[in-house]
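Lettering of chains follows the sequences in order, A, B, ..., and the numbering in each one begins at 1.
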Number of protein chains: 2
Amino acid sequence: MRPAKTLERVVPIGTLAERTGVKVETIRYYEQVGLLPEPERSEGNQRRYGRAHVERLAFIKHARDLGFAVESIRTLLRLSDTPGMACDEAHAIAAEHLDEVRDKIARLRSLEAELARIATVCSGGVAASDCAVIEALADHSHCEHHGH
Amino acid sequence: MRPAKTLERVVPIGTLAERTGVKVETIRYYEQVGLLPEPERSEGNQRRYGRAHVERLAFIKHARDLGFAVESIRTLLRLSDTPGMACDEAHAIAAEHLDEVRDKIARLRSLEAELARIATVCSGGVAASDCAVIEALADHSHCEHHGH
DNA sequence: CCTACAACCTGTAGCCACTACAGCTTCAAG
DNA sequence: CTTGAAGCTGTAGTGGCTACAGGTTGTAGG
């Protein structure tokens with residue numbers, strides 16, 4: 001009896017995909033754009049991943065889930081690969097991204113307010129040519145700047 | 001003396017762009033994908049827009065600013081073009097979009113919380129190989145589901 | 001009337017971060 | 001040894017623009 005799949009140390013791409021929650025195609029894409037290093041290959045040219053790959057891909061997924069751009073992740077990975085490197089740069093990337101996220105939240109909130117207004121006006125089911133939803137979209141009087 | 005530009009009734013694409021805040025290339029793109037009807041042309045084949053175009057494009061811009069997908073806008077425009085059409089469908093589109101926006105806000109907020117945690121840990125300027133930002137990204141213990 | 005130059009035209013390619021497919025080869029269970 | 005899932009490469013498509021290249025038109029000043 002072989003060890004169970006979850007204990008195997010060298011796995012094919014499908015297993016890596018399962019373990020990290022990243023799709024097979026996306027893994028190959030990450031390799032292509034240089035986020036994930038090229039793995040060893042089997043005799044038949046199939047990718048074989050080890051522990052280090054699982055960890056690195058998990059890092060990437062986590063950062064992507066947090067909305068970091070691939071370019072930022074590349075930098076973060078470079079930083080994490082460089083022992084003794086100053087943390088300042090990594091911190092700056094995270095802080096900048098946090099700013100962007102807060103900005104986005106603010107914009108979505110003002111947007112939510114206007115949408116809520118639009119969506120409620122004609123919820124009574126008025127079947128008419130002057131639908132309030134349409135009018136609200138045509139009418140810019142309530143439309144403050146949502147910013148960029 | 002001709003009327004001032006802001007009073008002209010038939011304008012070239014650049015003026016339409018200025019008035020609506022939509023870039024020239026984007027206007028042509030909207031025409032290409034069928035959001036904006038093909039306008040009249042000058043003798044020399046240049047687009048000439050009238051009042052109706054300005055209004056329609058303003059509608060499109062407003063909806064885009066609110067985050068409606070082009071496909072949804074297409075439907076909304078069709079509805080607004082159809083006199084006596086039931087408002088229900090327009091309402092459904094707006095309500096669905098509102099749901100999506102609220103979802104997005106919720107996800108961004110949990111994301112903000114994690115990012116804030118990440119960004120503060122090493123703000124003291126610890127220059128070390130075990131940068132807290134990097135570690136926080138490598139470490140999934142704090143990482144609740146951010147949802148899709 | 002002529003010239004200069006901004007604004008316009010079409011068509012194509014690029015952007016991001018994937019996703020999907022076509023057409024093939026390899027792996028592993030039965 | 002057969003079968004079928006899983007792997008491979010390479011290319012094209014997605015959305016919503018944006019950015020050229022290389023040409024034509026409109027118009028204000030001289």
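With sequence neighbours excluded, the residues that form a side chain to side chain donor-acceptor pair (under 3.5 Å) with Lys61(A) are Asp65(A). Remark: Glu96(A) engages no residue in a side chain to side chain donor-acceptor pair (under 3.5 Å) (not counting sequence neighbours). Scored by the side chain to side chain contact (heavy atoms under 4.5 Å, CB included) test, Thr75(A) finds Arg78(A), Leu79(A), Glu89(A), Ile93(A) as partners (sequence neighbours excluded). Take Arg64(A) and apply the side chain to side chain donor-acceptor pair (under 3.5 Å) test, not counting sequence neighbours, and it matches no residue. Residues passing the side chain to side chain donor-acceptor pair (under 3.5 Å) test with Gln32(B): none are found, sequence neighbours excluded. Partners of Phe68(A) by ring pair (Phe, Tyr, Trp, His ring centres under 6.0 Å), not counting sequence neighbours, listed by chain and number: His97(A).
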For residues 20-29 of chain B, which side-chain N or O atoms pair as donor and acceptor with protein atoms under 3.5 Å away, sequence neighbours left out?
residue  : atom : partner  : partner atom : Å
Thr20(B) : OG1  : Leu16(B) : O            : 2.8
Thr20(B) : OG1  : Val22(B) : N            : 3.4

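With rounding to whole Å, Ile73(A) atom CD1 is found 14 Å from dC16(C) atom P. Between the CD atom of Glu43(B) and the P atom of dC8(C) there is a distance of 18 Å, rounded to whole Å. One atom, CG of Leu35(A), and another, C1' of dC18(C), lie 12 Å apart when rounded to the nearest Å. Spacing between atom CD1 of Ile13(A) and atom C1' of dC27(C) amounts to 15 Å, rounded to whole angstrom units. Straight-line distance from the CZ atom of Arg48(B) to the P atom of dA7(C): 13 Å, rounded to whole Å. Spacing between atom CD of Glu38(B) and atom C1' of dC9(C) amounts to 14 Å, rounded to whole angstrom units.
In terms of position along DNA chain C, the nucleotide closest to Gly14(B) lies nearer the 5' end than the nucleotide closest to the other residue of the pair Gln46(A) and Gly14(B).
The shortest side-chain heavy-atom distance between Pro39(A) and Arg48(A) does not fall under the 4.5 Å cut-off. Side-chain atoms of Leu66(B) and Leu137(A), non-hydrogen and from C-beta on, do get closer than 4.5 Å to each other. In this structure, Gln46(A) and Ile13(A) have side chains that are not in contact, with every pair of non-hydrogen atoms separated by 4.5 Å or more.
A donor-acceptor pair is defined here as one N or O able to donate and one able to accept, closer than 3.5 Å; such a pair exists between the side chain of Arg74(B) and the backbone of Val33(B).
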- Query: For DNA chain C, what dot-bracket results from Watson-Crick or G-U pairs at under 3.5 Å, with [ ] for crossers and | for inter-strand partners?
  - Reply: ||||||||||||||||||||||||||||||

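The list of ring pair (Phe, Tyr, Trp, His ring centres under 6.0 Å) pairs with a residue in residues 30-52 of chain A, not counting sequence neighbours, reads Tyr49(A)-His53(A).
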- Query: For nucleotides 9-18 of chain D, read 5' to 3', which letter fits each nucleotide if B means a protein heavy atom sits under 4.0 Å from the base, S means only the sugar-phosphate is that close, and - means neither?
  - Reply: B------BBS

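Contacts between residues 49-57 of chain B and DNA chain C, defined by a heavy-atom separation below 4.0 Å, involve no residue at all. For the segment residues 92-101 of chain B, no residue has any heavy atom less than 4.0 angstrom from an atom of DNA chain D.
The pair Glu31(B)-Arg47(B) counts as a salt bridge, with a side-chain nitrogen and a carboxylate oxygen less than 4.0 angstrom apart.
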